[in-house]
Each structure stands twice: as C-alpha cells, then as structure tokens.
Amino acid sequence: MSVATPYSNAPDVSTEDYLVVGLATCFLKQDGEVHQVKIVEPIPSAALEAILKGIPTSYEMACATTLGTVLEGEQPKLLPEFPADAQFCDDFVERAISTVRTYQHRPEACEAIAIGSTYRELNYSVERKRVLNSDNIVRTEDNVKQHEYTHKVL
C-alpha cells in the first residue's frame, strides 16, 4: 500500500508522518501596548524532548497527530483541541514539513506522545514573554570597546 505524498516540494514526507503541534501563548506589541495571542505551531523533536523534561515553556498543550491531519493540501487546518481564536504561526506549512523531518530523524521521539493524544502537563509559564513582533535596534553605544591589539598577531 502506498502512502500519499501530496507535497510537491517535500517528496520525502507523507500525510501519515508523525507531528506534534503546540498551542503557545505569545504577545504582540501594538501602539505601546502588549496583547496576548494564542499561536498554533509545530514543535520539533529536540524542543519536545526539552519541554517534556520540565523546562518552562509558553506552550499550554501539545497534540500528537499526523501531517495530513493539520494540512489539507497546502492549507493549515485547526485541530478541534485548539480554541477557535488561535492563529497559525508564520510559515506554518514549511515549519510543519521541517518538523516532520525531525521526527523521521529521531523515531524514538515519536513515542513521547501517542498519536491522537493531547499532553497538558507542561511547565507552562509566560514569565519570559515571547514577543513576536519586537524589533532589535542596535545602537552605537551597544558596541563593545576592544583593545587595539585584539585582532593583531603579536
């Protein structure tokens, strides 16, 4: 039996490949105020391993599923476990396909959460806010002064 591979740019993945998708609490800065948003994004295998070990995370829950369940063709599809007002992360399709590859590379990570299950015992914390649209502005005074001989061979 052959498995469908409808992704033209990713012939190495199929609709039946394992994937973990998380619901993260993020923040947007608008007009000097910070607004909370719920973001649906794929969780790569290395990140899932760290999250399951108990590090603080902005993820409220993680759902194990298949790629075909969250992608209808090349369009993201919201899982019923997630709230209706949740938004997909930027480049969700590309990130989901890339995340599937991390689980293909580390098949033992697929055993962490069974397909169809939702894991909620995460160390959820928004103490360190994930601001999605923050600008990193570098100023001259941020430069570190170095000794004049730093890059010379003596």
Answer whether the closest heavy-atom distance between the side chains of Ile51 and Tyr119 falls below 4.5 Å.
-> no

Return yes if a side-chain donor-acceptor contact under 3.5 Å exists between Thr99 and Thr102, otherwise no.
-> no

Could you check Ile115, Leu67, Ile97 and say which one makes a side-chain contact (heavy atoms from CB on, under 4.5 Å) with Leu19?
-> Leu67

Tell me, do Thr57 and Ser125 make a side-chain contact under 4.5 Å, heavy atoms counted?
-> no

So, the side chain of Ser98 versus the backbone of Glu94: is there a donor-acceptor pair under 3.5 Å, distance only?
-> yes

Sub-4.5 Å side-chain heavy-atom contact between Phe82 and Met61 | yes

Charged N to carboxylate O under 4.0 angstrom, Glu33 versus Lys29?
-> no

Can you measure from CD (Gln87) to CZ (Phe92) and round to the nearest 0.5 angstrom?
-> 13.0 Å

Nearest heavy atoms of Cys63 and Thr118, plus distance in Å = SG-OG1, 3.4 Å

Would you say the side chain of Cys89 lies within less than 4.5 Å of the side chain of Pro42, judging by non-hydrogen atoms?
-> yes

May I ask you to say whether Glu41 pairs ionically with Arg95, meaning some side-chain N is under 4.0 Å from a carboxylate O?
-> yes

Leu71 side chain reached by Val93 side chain, heavy atoms, under 4.5 Å | yes

Test side chain to side chain contact (heavy atoms under 4.5 Å, CB included) on Ile39 and Leu23 and set out the steps.
-> CA-CA 6 Å; Ile39 301 292; Leu23 179 66; over 6 Å; no

Side-chain touch Gln104/Val13, heavy atoms, less than 4.5 angstrom = yes

Lys129 NZ to Cys26 SG distance, which is reported to the nearest 0.5 Å | 12.0 Å

Check: Thr25/Tyr59 side-chain N/O donor and acceptor closer than 3.5 Å | no

What's the spacing between Glu72 CD and Thr15 OG1 if we round to 0.5 Å?
-> 12.0 Å

Hey, what do you get for CZ (Arg130) to CD (Gln36), rounding to the nearest 0.5 Å?
-> 12.5 Å

Do you know which two heavy atoms are closest between Glu60 and Tyr124, and how far apart they sit?
-> CG-CE1, 3.3 Å

How far does OG of Ser58 sit from CG of Asn123, to the nearest 0.5 angstrom?
-> 11.5 Å

Is there a side-chain contact between His35 and Gln30, using heavy atoms and a 4.5 Å cut-off?
-> yes

Do NZ/NE/NH1/NH2 and the carboxylate oxygens of Arg101 and Asp12 come within less than 4.0 Å?
-> yes

Here the pair of heavy atoms bringing Ala50 nearest to Ile55 is O-CG1, 3.4 Å

Do side-chain atoms of Ser117 reach the backbone of Ile113 as a donor and acceptor pair under 3.5 angstrom?
-> no

For the residue pair Tyr103 and Ile43, what are the closest heavy atoms and their distance?
-> OH-O, 2.6 Å

Yes or no on side chain to side chain contact (heavy atoms under 4.5 Å, CB included) for Val40 and Leu78, after CA distance, side-chain angles and deciding distance?
-> CA-CA 8 Å; Val40 177; Leu78 195 63; 3.8 Å; yes

With side chains defined as the heavy atoms from C-beta onward, is the minimum distance between Val70 and Leu79 less than 4.5 Å?
-> yes

In short, Ala112 meets Leu48 closest at the heavy-atom pair CB-CD2, 4.2 Å

